[in-house]
Amino acid sequence: MSGDHFLNENQIDCGSRVNDSHKHKEKYKEHKHKDHKKDKEREKSKHNNDYKDSSDKKHRDKEKEKMRHKDGSTDKHKDKHKESGKRKRLNLRMVKSKRRRKMALAALCMERDEDDVDFKPKKIKTEDDKKAKKRKLEDSKTKTKGKNKKEVADGKKKPKKEPEEKWKWWEEERYTDGVKWKFLEHKGPVFAPPYEPLPSRVKFYYDGKHMKLSPEAEEVATFFAKMLEHEYTTKDIFRKNFFKDWRKEMNAEEKSIITDLKKCDFTEMAEYFKAQSEARKAMSKEEKLKIKEENERLLQEYGFCIMDNHKERIANFRIEPPGLFRGRGDHPKMGMLKRRIRPQDIIVNCSKDSKHPVPPPGTKWKEVRHDNKVTWLVSWTENIQGSIKYIMLNPSSRIKGEKDWQKYETARRLKKCVDRIRNQYREDWKSKEMRIRQRAVALYFIDKLALRAGNEKEEGETADTVGCCSLRVEHIKLYPEKDGQEYVVEFDFLGKDSIRYYNQVPVEKRVFKNLQLFMENKESDDDLFDRLNTSVLNKHLQELMDGLTAKVFRTYNASITLQQQLKELTTADDNIPAKILSYNRANRAVAILCNHQRAPPKTFEKSMQNLQTKIDAKKDQLSDAKRELKSAKADAKVRKDEKTKKAVETKKKAVQRIEEQLMKLEVQATDREENKQIALGTSKLNYLDPRISVAWCKKWGIPIEKIYNKTQREKFAWAIDMADDDYEF
DNA sequence: GCCGCTACTTAGGAAACCCTCA
DNA sequence: TGAGGGTTTCCTAAGTAGCGGC
């Protein structure tokens, strides 16, 4: 089958952001740990078989039964009975919603009156008591078993009180027809603190002479000074854009004097900010606590909203402060001034019957809107690209969780028809129509290489990056034969965030011939797929499966790869650290597939060295312990008394313990080395159906805390609750 | 079918936090 | 107890994709 993924390590080898000198460009080293090679080979061969397993096993998930409401997009087309049922439910919900509104108001009043920090959302619908009790018992078991043991036992860490009963929104019905909420109340955004002028001792020099800047010009100058050590300030575009925008903030006199950025001396300012940051670090415990408490107060006041009777966490309640725009890669607008957002720039969204957020004294909102077909609470338009920014809810909220769940359900639906779709695009490679051939080849790449769709971008407005549909002739090279393989395509382009995608892929002959055809008589900067764009592609995909878009392939292929890799790599006899290494390797396979890269941590080499020192010390310790054991054994052979026998046992245990510790350290080293340039978080958070991980944990008795941290557990609460050990993606 | 606009997800880096170990 | 370093959280840029109007 053609559908194997090309998980090419070259992707990681060469994948650095353009112009990012801090990123290592060295080859992804073949590392020393003996089993790794084997695993990699296994990984590769696995990927070649990826698609063989994709036929639906018709596994009936228990979790499915729990789901009363599947993917909303399919529901739309279900029969009339369901429609009338829906209507009834809708009526019911309207009644409920009135009640909710009352309760929500009451909840909010209560909060204001009593400043109730430990707010407990009212449970609307609960599972039956037996089940709940069982779950609670299990939860508490895992908690004491896992790393929380320490937190509970020694009381070092504050046992943060979590509400006893978490709202299980996934057991409730969803809204239909685009309604996102019925009641929404919040306190609006937190604005950036006003500019504090520099103390007079901190001076700015132009051409070697001290110059007192107007507050407006000074503020913008501090933005530059704060970035003085950053590579950005060495880039021409950044400097040019900054200087142009800075001059706009200067008064006439300043404008006439300051004409050359090279003559500006920001060093005193930079030193001042550095000293401030040092001072912050050196603050006393009490001072730090005070700040922490103030932050907590702000969070409690502005960090939550009431949505349909539930208190939900807001993701970003602070307005972005002014500063210099940090575009990624070769962004033509980097360095431009991101202006301060004021209340009159803000559109507030809340329900009519809620207590509307109050703008700061003497100001007004741009608009107060009551649009319950959207999920945002606050929006404003930023001045760099003219795009809209939003304040939205936290990933743990119902509104985000539902959407996330739905995303994975769509990907699971793709699993059921992916063979048909693959057969179709293979047929389409032979089409008489160029546009169909192009569409089919592009889809093949999206499916096989997990490329992004590649929307068109406005030239000169952003960095020059591409996705599949926007690939240009210059981004691929064709080799009829390379390194012993036939029909090799070499991809080399900058993708999202200007991260380089480099891969050498053997493709089927027909794909290769098609690519030759698409490239005929074209210049290097011409579009490879000139008869295709994302909207055409997605329209076609929509016809193949309801809700199918290019993006779904990435989710599907990421999740199916994780599931298959976990099956492949997990060994029943392994201990927990070894199993976790397997999990991370499975996760890593996905990250490589999706080209999720990171800059190697600045301290990488050093931390590896430290770890190696620890390993060496442990090895010495082990040989000492073994020697002691040997002599104890010899002693016991001669004396044959209880005391020496006991000594042998003790020594044996010591050897075992040290061996285990050594193994742990070695596993840690392997994991870290393999992870040098790969970011696991993005795929874990956005592409991997969390139920696969939850099921894996349950199957192998791995505490979920080993896989997901607190925030991740909150985001995936729905999956943790609903997936059993036999869940199949 | 193209364009502009809007809403939302995905993304890597920086900053803050916190644990470990000397 | 404080430095060092790993982990988590925050920040916001940069994508995808749908919709309505022409």
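The figures that follow rest on heavy atoms only: side chains count, while hydrogens, waters and symmetry mates do not.
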How close or far is atom [atom2] of [N] from atom [atom1] of [X], stated in whole angstroms?
X	N	atom1	atom2	value
A/K226	B/dA15	NZ	P	11 Å
A/N686	B/dG12	CG	C1'	12 Å
A/Y390	B/dT9	OH	C1'	12 Å
A/D404	B/dT10	CG	C1'	11 Å
A/N372	B/dA7	CG	P	13 Å
A/L532	C/dT16	CG	P	13 Å
A/L688	B/dA11	CG	C1'	15 Å
A/N295	B/dA16	CG	C1'	10 Å

Should [X] be listed as having a side-chain N or O under 4.0 Å from OP1 or OP2 of [N]?
X	N	value
A/K407	B/dT10	yes
A/K400	B/dT9	yes
A/H230	B/dG13	no
A/K457	C/dG15	yes

Counting C-beta onward and ignoring hydrogens, is there a side-chain heavy-atom pair between A/D371 and A/W376 closer than 4.5 Å?
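With C-beta onward as the side chain, the pair stays apart.
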Would you say A/I388 and A/I347 make side-chain contact, with heavy atoms under 4.5 Å?
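No - every pair of side-chain heavy atoms lies 4.5 Å or more apart.
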Report which part of the nucleic acid [X] touches: base, sugar-phosphate, or nothing (heavy-atom distance under 4.0 Å, all strands).
X	result
A/N455	base
A/Y687	sugar-phosphate
A/G495	sugar-phosphate
A/K180	sugar-phosphate
A/T465	sugar-phosphate
A/T375	sugar-phosphate
A/R280	nothing

Taking it one step at a time, do A/K290 and A/E287 satisfy salt bridge (charged side-chain N to carboxylate O under 4.0 Å, His left out)?
CA-CA 5 Å; A/K290 219 176 159 188; A/E287 286 171 310; over 6 Å; no
What is the ring orientation for A/F716 with A/W718, classed by angle as parallel under 30°, tilted 30 to 60°, or perpendicular over 60°?
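A/F716 and A/W718: perpendicular rings.
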Can you label the angle between the A/F242 ring and the A/F224 ring as parallel, tilted or perpendicular, going by 30° and 60°?
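Rings of A/F242 and A/F224: parallel, under 30°.
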Could you walk me through whether A/R297 and A/E301 satisfy the salt bridge (charged side-chain N to carboxylate O under 4.0 Å, His left out) test, starting with their C-alpha distance in whole Å, then the side-chain angles of each, then the deciding distance to 0.1 Å, before giving a yes or no?
CA-CA 6 Å; A/R297 193 192 62 76; A/E301 187 172 357; 3.0 Å; yes
Residue closer to the 5' end of DNA chain B, A/I388 versus A/T682 (nearest nucleotide):
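Closest to the 5' end, via its nearest nucleotide, is A/I388.
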Closest-nucleotide 5' rank along DNA chain B - winner of A/K373 and A/S683
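Looking at DNA chain B, the more 5' nearest nucleotide goes with A/K373.
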Can you check whether A/N557's main-chain N or O pairs, donor with acceptor, with A/T561's side chain at less than 3.5 Å?
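Pair found, side chain donor or acceptor close to backbone of A/N557.
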[X] side-chain proximity, nearest of [options]:
X	options	value
A/W376	C/dG18, B/dA7, B/dC18	B/dA7
A/T549	C/dG18, B/dC8, B/dG13	C/dG18
A/A550	C/dA17, B/dC18, B/dA11	C/dA17
A/K551	B/dA11, B/dT10, B/dA7	B/dT10

Could you go step by step and tell me if A/C350 and A/V368 meet the side-chain contact (heavy atoms from CB on, under 4.5 Å) rule?
CA-CA 8 Å; A/C350 61; A/V368 176; 4.2 Å; yes
Using the benzene-type ring in the case of Trp, are the ring centres of A/F317 and A/H186 under 6.0 Å apart?
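Ring centroids of A/F317 and A/H186 are no less than 6.0 Å from each other.
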All N/O contacts under 3.5 Å from nucleotides 10-13 of chain C to the protein, with atom names and distances to one decimal?
from, atom 1, to, atom 2, distance (Å)
C/dA13, OP1, A/K338, NZ, 3.1
C/dA13, OP2, A/K389, NZ, 2.3

Below 3.5 Å is the cut-off: list the nitrogen or oxygen pairs between protein and nucleotides 1-7 of chain C, distance only.
from, atom 1, to, atom 2, distance (Å)
C/dG5, OP1, A/K606, NZ, 2.9
C/dG5, OP1, A/N610, ND2, 3.4
C/dG5, OP2, A/K606, NZ, 3.4
C/dG6, OP1, A/S607, OG, 3.2
C/dG6, OP1, A/R672, NH1, 3.2

Do we see a donor-acceptor contact under 3.5 Å between the side chains of A/Q542 and A/K539?
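No pair is found: no donor N or O on one side chain lies under 3.5 Å from an acceptor on the other.
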SB check A/K274 A/E229 (cutoff 4.0 Å):
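Salt bridge: yes.
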